[in-house]
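Letters A, B, ... mirror the listed sequences (proteins, then strands); counts begin at 1. The figures here come from the full heavy-atom set of this structure, side chains too, leaving out hydrogens, waters and symmetry mates.
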Amino acid sequence: MAVDKKFIGKKYPPVEYEVCKEKVKEYATAIGDLNPLYIDEQKAKESRYKGIVAPPMFAVVYTKDAVAEVMFDRELALNLPMLVHGEQDYEFIGVVRPGDVIITEAYVADIYEKGDKDFVVAGGISKKKSDGSIVTKGKWTFVIRR
Amino acid sequence: MALTAKIGDIFTLQKEVDKYRPIFYAGASGDFNPIHIDAEFGKMVGLGGAILQGLCTMAFVMQTVSEWSHDPYKVKKLKVRFAKPVLPEDTITITGTVTKIENNTAHCELIAKKQTGDEVINNAFAEVELGS
């Protein structure tokens with residue numbers, strides 16, 4: 001059954017995430033990207049950033065629960081066993097550092113069909129709680145086989 | 001160091017996916033979907049084992065671009081298409097090519113292949129700010 005297009009534009013409640021230095025290090029280590037900016041306090045201090053920054057793709061961590069709101073939305077009722085993550089798109093706008101509290105609001109950006117597959121695109125806009133500035137905009141394209 | 005680029009510039013990175021990488025990534029990212037941490041479950045659903053999280057492979061692509069740019073936050077946009085699953089003990093080679101330079105921004109096309117030559121990420125694009 002096709003996913004109902006009436007849900008395009010549906011918005012979900014904001015999700016907060018506080019970035020912490022140890023979690024940033026753990027993420028950088030897990031992906032095997034040992035850039036000193038992510039893990040070495042001293043070298044990061046000497047850099048243009050004057051301290052540790054999160055890898056841009058750390059966005060995956062602070063946006064996860066917001067996107068889960070879309071994936072597990074009972075109204076949308078996505079057939080999860082048949083769902084794969086088809087595409088991912090991130091715009092990196094602001095620098096994220098330990099101590100930042102990031103608020104992400106997810107929404108349904110698009111729903112369409114192609115062949116025998118349904119495509120559901122979830123969007124997420126993440127802002128710093130401190131000043132409301134946007135840090136990332138993400139788009140997750142889920143492909144659901146029928 | 002100011003980043004310069006010209007059309008046709010190529011950059012590359014190789015990443016080895018060890019046996020336990022999906023489990024480390026699950027812990028770090030919170031993605032504990034059984035297809036990533038339970039090989040038997042992965043086989044049962046036809047994936048041939050536990051597969052690496054696609055977003056971890058995307059992070060490899062990001063590392064490739066940010067090592068080239070010498071500054072991760074010069075990367076303003078990254079878009080990927082997940083073409084095939086990555087399995088533990090695969091070796092992934094990521095290649096980026098500068099295809100366009102416009103408004104002080106390098107547009108790069110990227111591809112990630114495994115040791116068999118199969119594309120695991122394709123239709124991938126990055127935008128990287130040039131200068132210092």
For chain A, find which of [options] contributes the most heavy-atom pairs closer than 4.5 angstrom.
options	result
B:Tyr73, B:Phe24, B:Phe82	B:Tyr73
B:Ala124, B:Gly30, B:Gly54	B:Gly30
B:Ile23, B:Val45, B:Val80, B:Thr57	B:Val80
B:Cys56, B:Ser66, B:Ala59	B:Ala59

Could you look at [X] and say if it's the side chain, the backbone, both or neither that has a heavy atom under 4.5 Å from chain A?
X	result
B:Phe60	side chain
B:Asn123	neither
B:Arg81	both

Under a 4.5 Å heavy-atom cut-off, does chain B meet the side chain of [X], its backbone, both or neither?
X	result
A:Val96	both
A:Pro55	backbone
A:Tyr62	neither
A:Tyr49	side chain
A:Ser47	neither
A:Val95	both
A:Asp65	neither

Quick check: does any side chain N or O of [X] sit under 3.5 Å from a backbone N or O of [Y], one acting as donor and the other as acceptor?
X	Y	answer
B:Thr64	B:Met62	no
B:Lys15	A:Gly32	yes
A:Asp100	A:Ile102	no

Legend entry - salt_bridge(A:Lys139, A:Glu87) N-O dist < 4.0 Å: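 Answer for the salt bridge query: no.
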Inset, instruction - Working to the nearest 0.5 Å, report the span between OG1 of B:Thr105 and CD of B:Glu129. - result: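 Interatomic distance, B:Thr105 OG1 to B:Glu129 CD, rounded to 0.5 Å: 6.5 Å.
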Legend entry - Selection from A:Val60, A:Asn35, A:Asp33 maximising heavy-atom pairs under 4.5 Å formed with chain B: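 Answer, by heavy-atom pair count under 4.5 Å with chain B: A:Asp33.
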Inset, instruction - Between chain B and each of A:Gln88, A:Glu26, A:Glu91, count heavy-atom pairs under 4.5 Å; write down the option with the most. - result: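 Ranked by contacts with chain B, first place is A:Gln88.
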Inset, instruction - Indicate whether any N or O donor in one side chain lies under 3.5 Å from an N or O acceptor in the other, for A:Tyr12 and A:Asp73. - result: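 There is such a pair between these side chains.
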Inset, instruction - Assess the side chains of B:Thr93 and B:Gln14: does a donor N or O sit below 3.5 Å from an acceptor N or O? - result: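 Checked: B:Thr93/B:Gln14 side chains pair up, N/O donor to acceptor below 3.5 Å.
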Inset, instruction - Could you point out which residue of A:Asp118, A:Asp116, A:Asn79 forms a side chain to side chain donor-acceptor pair (under 3.5 Å) with A:Arg146? - result: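 It is A:Asp118; the other options fail the test.
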Inset, instruction - For the residue pair A:Tyr112 and A:Phe119, categorise the inter-ring angle as parallel (less than 30°), tilted (30 to 60°) or perpendicular (more than 60°). - result: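 Answer is parallel, since the angle falls under 30°.
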Inset, instruction - Verify ring pair (Phe, Tyr, Trp, His ring centres under 6.0 Å) between B:Tyr25 and B:His36, making sure each step is shown before the conclusion. - result: CA-CA 9 Å; B:Tyr25 186 83; B:His36 303 307; 8.2 Å; no
